[in-house]
Amino acid sequence: AEITKKVMGPITPIVGLALIHLTIVLVAAAQEGALEQVLIFQEVFDPSMSQLAGMQKLFEIPNFVAEEWPHVLIWDLFVGRQIWIDSLERGIDARLSLAFCNFIGPPGMVLYVATCLLSGKGLPAMGYKDDDLS
């Protein structure tokens with residue numbers, strides 16, 4: 001639809017949302033106790049510790065939830081936008097993939113890759129060209 005092209009064609013909406021997200025992060029980082037909360041990430045990225053327990057601790061912190069929710073939504077929009085653009089360029093029906101991307105994120109990308117392969121059109125390039133690394 002034309003409205004989709006006007007809103008999601010340019011990268012501007014994603015950048016605008018990313019700036020809002022950055023503002024949320026900066027406001028949260030300026031609050032008391034922010035450093036202690038950030039140190040919980042050590043548990044998430046330390047393979048000798050329980051990453052799940054670290055994430056559970058983080059999700060008990062309102063500032064983390066306030067940051068993580070737009071983080072996930074913006075990422076899903078970005079990936080969805082890439083799927084949409086690739087599907088328009090290659091004439092692939094991506095409606096189901098976009099719905100999955102919206103509702104459960106990464107499986108939408110997996111579904112789109114499967115759709116591309118089953119349609120005989122190969123893997124989605126998502127802007128990559130072989131000569132890009134030359």
Side-chain angles (χ1 to χ4, degrees):
E2 286 304 309
I3 188 129
T4 304
K5 288 180 183 177
K6 286 181 181 177
V7 173
M8 294 309 294
I11 193 75
T12 317
I14 304 291
V15 172
L17 291 170
L19 288 171
I20 292 169
H21 177 256
L22 177 60
T23 303
I24 292 168
V25 170
L26 293 174
V27 168
Q31 294 183 4
E32 187 175 328
L35 181 58
E36 292 81 17
Q37 294 171 4
V38 169
L39 293 177
I40 297 171
F41 276 102
Q42 289 177 324
E43 294 178 35
V44 174
F45 293 105
D46 184 341
S48 68
M49 301 182 83
S50 170
Q51 289 82 31
L52 182 58
M55 287 302 292
Q56 287 173 318
K57 284 181 188 176
L58 286 170
F59 274 104
E60 292 173 1
I61 302 168
N63 284 341
F64 179 78
V65 175
E67 176 279 328
E68 190 62 16
W69 185 239
H71 174 130
V72 170
L73 292 176
I74 293 164
W75 186 251
D76 288 352
L77 275 173
F78 179 74
V79 173
R81 180 181 177 273
Q82 291 300 113
I83 290 171
W84 173 70
I85 289 171
D86 186 77
S87 73
L88 289 178
E89 289 174 353
R90 300 192 313 137
I92 298 169
D93 185 348
R95 290 176 289 186
L96 186 59
S97 301
L98 289 171
F100 270 68
C101 195
N102 183 45
F103 296 127
I104 56 174
M109 174 61 106
V110 173
L111 180 59
Y112 184 65
V113 168
T115 301
C116 292
L117 292 173
L118 290 171
S119 71
K121 297 196 177 185
L123 290 171
M126 301 299 200
Y128 172 79
K129 295 177 185 68
D130 284 336
D131 58 342
D132 284 346
L133 296 177
S134 303

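For residues 97-125, the side chain to side chain donor-acceptor pair (under 3.5 Å) pairs, not counting sequence neighbours, are D86-Y112. Sorted by first and then second residue, the salt bridge (Lys or Arg N to Asp or Glu O under 4.0 Å) pairs involving residues 56-72 (not counting sequence neighbours) are E43-K57. Sorted by first and then second residue, the side chain to side chain donor-acceptor pair (under 3.5 Å) pairs with a member in residues 6-15 form an empty list; sequence neighbours excluded. Sorted by first then second residue, the ring-ring contact (aromatic ring centres under 6.0 Å, His included) pairs that include residues 2-25, not counting sequence neighbours, are H21-H71.
When every heavy atom of R90 is checked against every heavy atom of G122, the shortest pair comes out as NH2-O, 3.3 Å. Nearest heavy-atom pair across I104 and P107 is O-CD, 3.1 Å.
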Can you list the steps and then say if M109 with C101 is a side chain to side chain contact (heavy atoms under 4.5 Å, CB included)? CA-CA 7 Å; M109 174 61 106; C101 195; 6.0 Å; no
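Within the 4.5 Å cutoff, no side-chain heavy atoms of Q82 are placed close to those of V79. Contact check for P70 versus L17: no side-chain heavy atoms found under the 4.5 Å cut-off.
In this structure, the separation between CD1 on I83 and CD1 on I85 is 11.0 Å, given to the nearest 0.5 Å. How far CD1 of I24 is from CZ of F64: 13.0 Å, rounded to the nearest 0.5 Å.
In this structure, V110 has no side chain to side chain contact (heavy atoms under 4.5 Å, CB included) partners at least two apart in sequence or on a different chain. Every residue meeting the side chain to side chain contact (heavy atoms under 4.5 Å, CB included) condition with I14, not counting sequence neighbours, appears here in chain and number order: M8, I11, I74, L77, F78, R81. Judged as a salt bridge (Lys or Arg N to Asp or Glu O under 4.0 Å), and not counting sequence neighbours, D76 has no contacts. Residues satisfying the side chain to side chain contact (heavy atoms under 4.5 Å, CB included) test with E2, not counting sequence neighbours, are K5.
Taking Ile, Leu, Val, Met, Phe, Trp and Tyr as members and joining any whose side-chain heavy atoms lie under 4.5 Å apart, directly or through other members, L52 forms no hydrophobic cluster with any other residue. Clustering of Ile, Leu, Val, Met, Phe, Trp and Tyr by side-chain heavy atoms under 4.5 Å joins L22 with L26.
Of the possible donor and acceptor atoms, none in the side chain of Q51 sits under 3.5 Å from a partner among the backbone N and O of F45.
One hydrophobic cluster, built from ILVMFWY side chains closer than 4.5 Å, holds both L98 and V7. Residues L123 and L88 share a single hydrophobic cluster, defined by chaining ILVMFWY side chains whose heavy atoms lie under 4.5 Å apart. Under a hydrophobic clustering in which Ile, Leu, Val, Met, Phe, Trp and Tyr are joined whenever their side-chain heavy atoms come within less than 4.5 Å, directly or via other members, V44 and V65 fall into the same cluster. When the side chains of ILVMFWY residues are joined at heavy-atom separations under 4.5 Å, either directly or via intervening members, W84 and V15 end up in a single hydrophobic cluster.
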Could you go through residues 32-41 and list every donor-acceptor pair under 3.5 Å that involves a side-chain atom there, pairing it with any protein atom two or more places apart or in another chain?
none

